[in-house]
Amino acid sequence: MSDKTKAMKEELFYSKKSVYEVRGESEIKAAYDFADGYAKFLDSSKTEREAVKAGIEILIAHGFSEYHLGDSVAAGDKRYYNNRGKSLIAFVIGSEPLENGIRISAAHVDSPRIDLKQHSLYEDTGFGYLKTHYYGGIRKYQWATIPLALHGTIVKKNGESVDVKIGDEPGDPVFCITDLLPHLSKDQSGKPLDSAFSGEGLNVLVGSRPYSTEDDPYKTNDPDERVKLAVMKYLNDKYGVTENDLISSELCVVPADKTRDIGFDRAMLGGYGHDDRVCSYPILMATAEAENPEKTVMCIFADKEEIGSEGNTGMQSSNLTDVISEISKCLGADETLVRLHSLCLSADVAAGHDPLYADVFERMNSAMCGCGVTLVKFTGSRGKGGSNDASAETVYKVRKIFDDAGVVWQTAELGKVDQGGGGTVAMYISKENIDTIDLGVPVLSMHAPFEIISKVDLYEAYLAHKAFNK
Ligand code: MN
Ligand code: MN
């Protein structure tokens with residue numbers, strides 16, 4: 001091929017670039033440093049409540065103060081709206097009129113996990129167990145034989161609320177769902193993957209020592225729920241709760257342990273809940289660091305995305321429009337025009353192309369780990385069902401912002417057509433007449449107890465949101 005033809009090819013063809021090709025050593029170092037901060041956030045945010053709490057701490061450290069619906073606001077104000085401790089909206093009022101639109105970034109802070117049932121604790125043949133009801137799309141087999149932690153909140157009879165967090169600190173005990181030994185798994189191994197484990201079978205082992213005292217020693221022929229009693233006594237001593245109190249609780253079984261670097265080069269991060277903290281953290285930091293922006297900028301930590309964005313803490317609720325409506329009123333803006341002129345990045349993870357499972361991906365339209373933050377025009381399944389399909393004009397607006405700022409980005413869809421699919425909060429925001437498009441970080445093993453992302457993609461996401469908020 002002649003040089004001239006080569007040059008023409010370069011000019012006319014799209015070529016996906018690796019972040020490592022585009023960025024220099026110091027920028028890659030900055031990405032690794034940013035990932036350290038993210039890892040701390042991830043470790044302190046295993047549930048939506050914890051993510052909201054960790055988010056508020058970061059916002060306060062950046063000069064934000066709490067906002068209540070109806071409060072007055074003025075240009076330059078940095079505020080956060082805490083919705084029931086489970087979702088969060090932070091914003092910085094810009095110098096331009098609000099009717100020029102808000103730059104919104106929305107991520108979710110709930111992750112697939114295993115919740116406890118309201119009647120949970122029981123004893124069987126010398127073991128204490130917790131009965132569970134899984135939350136979100138999990139592959140059940142992945143949750144057996146790994147160390148598990150218990151996180152959540154119990155509201156006691158007297159109205160006092162106690163937070164539970166066991167299994168993550170050195171010295172903490174952990175919990176576990178057992179599995180069969182291969183020697184006896186003939187029947188189970190013959191079943192399809194999705195039916196080999198049942199929802200009702202995901203019971204968590206939490207104890208095995210029967211309650212006893214010197215006055216009332218344990219006798220093998222008199223077991224009578226003494227293991228359950230010992231567990232309940234522990235919970236009562238530690239948290240002052242009875243079994244009745246567990247009815248008004250939200251307790252979640254999540255993977256124990258901390259985020260870890262992956263690989264000899266430490267280029268990736270493995271941890272629980274990258275979906276979607278890996279987008280939550282960059283939108284939070286980009287908003288927290290916004291100083292006197294021209295346009296008002298806003299970021300959202302939504303709950304309940306993994307079960308359809310339902311309820312008053314999910315993205316289908318009126319929370320976002322309530323906040324927009326209240327600040328519009330206060331600033332004398334027409335909220336209809338505010339929404340019409342706003343632009344939203346629905347920040348959720350992309351399915352990273354995994355060469356070990358290349359069959360399910362269509363390579364040309366796959367999110368490659370290490371090739372930057374991923375713009376997703378549409379999600380959905382089959383014929384784009386359940387999708388927010390962003391317009392070409394919206395794609396252009398965002399493309400221009402990223403290109404002008406030199407962000408390394410790519411574009412992708414979830415996987416092969418008809419292989420499956422999914423969606424996120426974008427469609428609920430665009431329904432409010434707000435131009436919305438998905439943007440996220442590619443993840444390997446999405447929804448597994450231990451998910452993997454590339455540090456440089458995380459950093460490009462942060463740079464993308466910084467540029468978006470400028
Ligand atoms: Mn997600
Ligand atoms: Mn998800």
Side-chain angles (χ1 to χ4, degrees), residues 38 41-42 45-48 50-52 55 86-88 104-115 134-140 142-143 194 252 254-255 269-284 299-311 313-316 320 344-352 354 360 366-367 369 373-381 386-388 390 412-415 419-430 436-454 457-458 461 464-465:
Y38 167 59
F41 174 79
L42 189 61
S45 305
K46 291 196 174 180
T47 64
E48 65 281 354
E50 292 171 5
V52 165
K86 289 164 72 80
S87 73
L88 181 69
I104 304 169
S105 305
H108 67 91
V109 287
D110 60 319
S111 294
R113 63 181 184 230
I114 301 179
D115 285 343
Y134 62 94
Y135 173 95
I138 64 167
R139 307 188 78 195
K140 300 182 191 88
Q142 295 176 334
W143 293 74
D194 66 349
C252 315
V254 293
L269 267 184
Y272 166 66
H274 284 314
D275 177 8
D276 186 29
R277 276 86 168 177
V278 74
C279 297
S280 308
Y281 185 71
I283 70 168
L284 180 81
C299 83
I300 303 168
F301 277 14
D303 180 28
K304 297 283 181 278
E305 190 276 345
E306 296 293 356
I307 59 167
S309 300
E310 311 286 351
T313 56
M315 210 62 240
Q316 292 204 60
L320 171 62
C344 175
L345 295 177
S346 158
D348 203 349
V349 292
D354 189 336
V360 303
S366 288
C369 291
V373 67
T374 306
L375 198 62
V376 179
K377 183 179 181 295
F378 54 86
T379 54
S381 48
S387 167
N388 163 62
E413 60 176 287
L414 190 55
Q419 182 61 235
T424 180
V425 298
M427 58 181 151
Y428 306 115
I429 299 168
S430 60
T436 305
I437 186 165
D438 281 294
L439 181 81
V441 173
V443 176
L444 299 183
S445 306
M446 194 194 295
H447 284 203
F450 193 71
E451 301 174 312
I452 297 173
I453 60 106
S454 179
D457 296 335
L458 164 71
H465 288 286

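Since the model is a prediction, treat every value here as computed from it, not as a measurement. Read the numbers this way: they start at 1 and go in the same order the structure lists the ligands and their atoms.
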If you have a sec, read the angle at the Mn ion (ligand 2) from Asp275 atom OD2 over to Glu306 atom OE1, to 10 degrees.
140°
Answer yes or no as to whether an N/O/S atom of Asp348 is found below 2.8 Å from the Mn ion (ligand 2).
no
Nearest 0.5 Å, what's the CG-CD1 distance between Asp276 and Ile283?
8.0 Å
Look at the N, O or S atoms of His447, main chain and side chain alike, and state whether any lies under 2.8 Å from the Mn ion (ligand 2).
yes
Short N/O/S contact of Asp276 with the Mn ion (ligand 2) (below 2.8 Å)
no
Can you say whether the rings of Trp143 and Tyr272 are parallel (under 30°), tilted (30 to 60°) or perpendicular (over 60°)?
perpendicular
Between His108 and the Mn ion (ligand 1), is there a contact where an N/O/S atom of the residue lies under 2.8 Å from the metal?
yes
Is atom CZ of Phe450 surrounded by more than 12 heavy atoms (other residues, nucleotides or ligands) closer than 6.0 Å?
yes
Using 4.0 Å as the upper bound for N to carboxylate O, is an ion pair formed by Glu48 and Lys86?
yes
Centroid separation under 6.0 Å, is that true for the rings of Tyr38 and His274?
yes
